[in-house]
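Keep in mind the model is a prediction, meaning the values are calculated, not measured. Any value given below was found using the heavy atoms of this structure, including those in side chains, with hydrogens, waters and symmetry copies removed.
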Amino acid sequence: MRHTGFRRTSVAIGACCALALAATSCGSGGDGSANGRTRITVNCEPPRSAKVDRRFFEEDVASFEKRHPDIDVVAHDAFPCQDPKTFDAKLAGGQMEDVFYTYFTDARHVVDIHQAADLTPYVGDLKSYPSIQKQLRDIYTVDGKVYGIPRTGYSMGLIYNRKLFRKAGLDPDKPPATWDEVRADARKIAALGDGTVGYADYSAQNQGGWHFTAELYSQGGDVVGPDGRTATVDTPEGRAVLKNLHDMRWTDGSMGSKQLLVINDVQQMMGSGTLGMYLAAPDNIPILVKEKGANYDDIAIGPMPGGEGTLIGGDGYMFNRHDTPAQIRAGLKWLDHMFLTPGAGFLGDYARARKNDAPVGLPEPRLFTGAADAKDQQAKKADANVPVENYQAFLDGNQRLRMKIEPPDAQQIYSVLDATVSAVLTRKDADIDQLLKDASGKIDGILARS
């Protein structure tokens, strides 16, 4: 939902880029060959304003071309990596790069509109592919065919302030595991006074709908049924989510009086030391420290409360349907070099990241399995410069959770659910049953039109 191509390992030192029209053509370049070399255009190069990330990216492209002198990589930059307002137009207009960045939620759509190359005949050449987590590979697999390669993944958890936990008499090494415990801990934190808020949640700009979805997953519910055509929010699990928010807001007073918050508001509160807990992925942590004034020692993350499930997301690359076989093979080699070699490349060179004051040791992304994961984790541990013990509860708890991707038509659905969440947090007399009934009907309409 909120990810815009940030580096998962060093969010604070720069943002990845986005699709952009450069001086040269963005789209697939004819047969992709020039002077005997295979030419590929790629996107999500960090913008020049992100000086360190830009340098890393250029270094890695140069080392790739040195290793593969028969391949010419032309990178395009801007921000964000994908602009939803122009994405479909670029696809339809033939302006998309040969190898292009996508959110997980784009995969099916790009395939459905016939703009993705089928990678199935070539994916065997991608040596890292079998080591990527299957649940992430499956996101880019449609009707048994492979149409994309995951690059990063994230899962939601509960970020909390260890300093406030201690001050409120709570154990900072034991984050709440249930929503009842979240509510009880939030009351104790809010009781500290001086404007301290126990728990905060988003409720505007579609972010409230996104968090409702995550909280529904945590209760064992779902937004859309298995058929993909029917809303499933008007359920006991949906009521439990809204009832909990309502009671924390109005009965306990542990969510503060200011509502209609978005991610930046909540990050500011956590960074200033006035917030106890909020839902987020681990990549929020360096933002809290580098941009919002927090200290790594004070910030920890636990698993999603509820014990049933958590929302996952992330990004990857797909290939232009006009790509030649040579371009597809070249693009897969480029992905392997840049992103998919454990302990190396743009996302995995932890020694380089540490030397440039980027955080190393965050619990995600965790892209690989088996020996590849062990190698990546060992390399990360060797160069860790953050308190990794603060994230162990998150790693342990995630092993027991069901991992669920965002629903189809996510942004439209989040817009509907935004209104549902904001009503509960701004109106003490909000009718939860009616809100869920109305939301369900609207979501059914969205699904029927898609």
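By the salt bridge (charged side-chain N to carboxylate O under 4.0 Å, His left out) test, Asp138 is found to be paired with Lys134, residues two or more places apart in sequence or in another chain being considered. Taking the side-chain hydrogen bond (donor to acceptor under 3.5 Å, both in side chains) definition, one finds that Asp106 meets it with Gln82, sequence neighbours left out. In this structure, Asn385 has no side-chain hydrogen bond (donor to acceptor under 3.5 Å, both in side chains) partners at least two apart in sequence or on a different chain.
Counting heavy atoms of neighbouring residues, nucleotides and ligands inside a 6.0 Å radius, atom NZ of Lys375 does not exceed 12 of them. Few gaps surround CD on Glu58; more than 12 heavy atoms of other groups in view lie less than 6.0 Å from it.
Salt bridge status for Asp60 with Arg352: present, with a side-chain N to carboxylate O gap under 4.0 Å. Between Asp357 and Lys290, at least one side-chain nitrogen of the basic residue sits less than 4.0 Å from a carboxylate oxygen of the acidic one, meeting the salt-bridge criterion. Salt-bridge annotation for Arg54 and Glu45: present, with a side-chain N of the basic residue lying under 4.0 Å from a carboxylate O of the acidic one. For the pair Asp297 and Arg162, the salt-bridge criterion is not met [side-chain N within less than 4.0 Å of a carboxylate O]. A salt bridge does not link Asp77 with Arg48: every distance from a Lys NZ or Arg NE/NH1/NH2 to an Asp or Glu carboxylate oxygen is 4.0 Å or more. Asp83 has a carboxylate O that lies under 4.0 Å from a charged side-chain N of Lys85, or vice versa, which qualifies the two as a salt bridge.
Contact of the Leu170 side chain with the Lys188 side chain is registered, since non-hydrogen atoms from C-beta on lie closer than 4.5 Å. Put simply, the side chain of Lys404 does not reach to within 4.5 Å of the side chain of Ile312, judged on heavy atoms. Residues Thr38 and Asp70 fail the side-chain proximity criterion, which asks for heavy atoms closer than 4.5 Å. When side chains are defined from C-beta on, Ile285 counts as touching Ile301, because their heavy atoms get closer than 4.5 Å.
In terms of heavy atoms, Leu275 sits closest to Asn161 at O-CB, 3.6 Å. Across Thr152 and Leu347, no two heavy atoms sit closer than the pair CG2-CD1, 3.4 Å. Closest heavy-atom contact between Ala353 and Val360: CB-CG2, 3.9 Å. Closest approach of Lys380 to Pro363, counting heavy atoms only: NZ-C, 4.4 Å.
Annotation: Tyr278 is not in aromatic contact with Tyr199 [ring centroid separation under 6.0 Å not met]. Residues Tyr317 and Phe339 place their aromatic rings such that the two centres sit under 6.0 Å apart. With ring centers used as reference points, Phe346 lies under 6.0 Å from Phe57.
Because its NZ or CZ atom is not both nearer than 6.0 Å to the ring centre of Tyr101 and within 45° of the ring axis, Arg151 does not count as a cation-pi partner of that residue. Geometric assessment of Arg137 against the ring of Tyr129 yields a positive cation-pi assignment under the 6.0 Å and 45° thresholds.
There is a side-chain donor-acceptor pair under 3.5 Å between Gln267 and Asn284.
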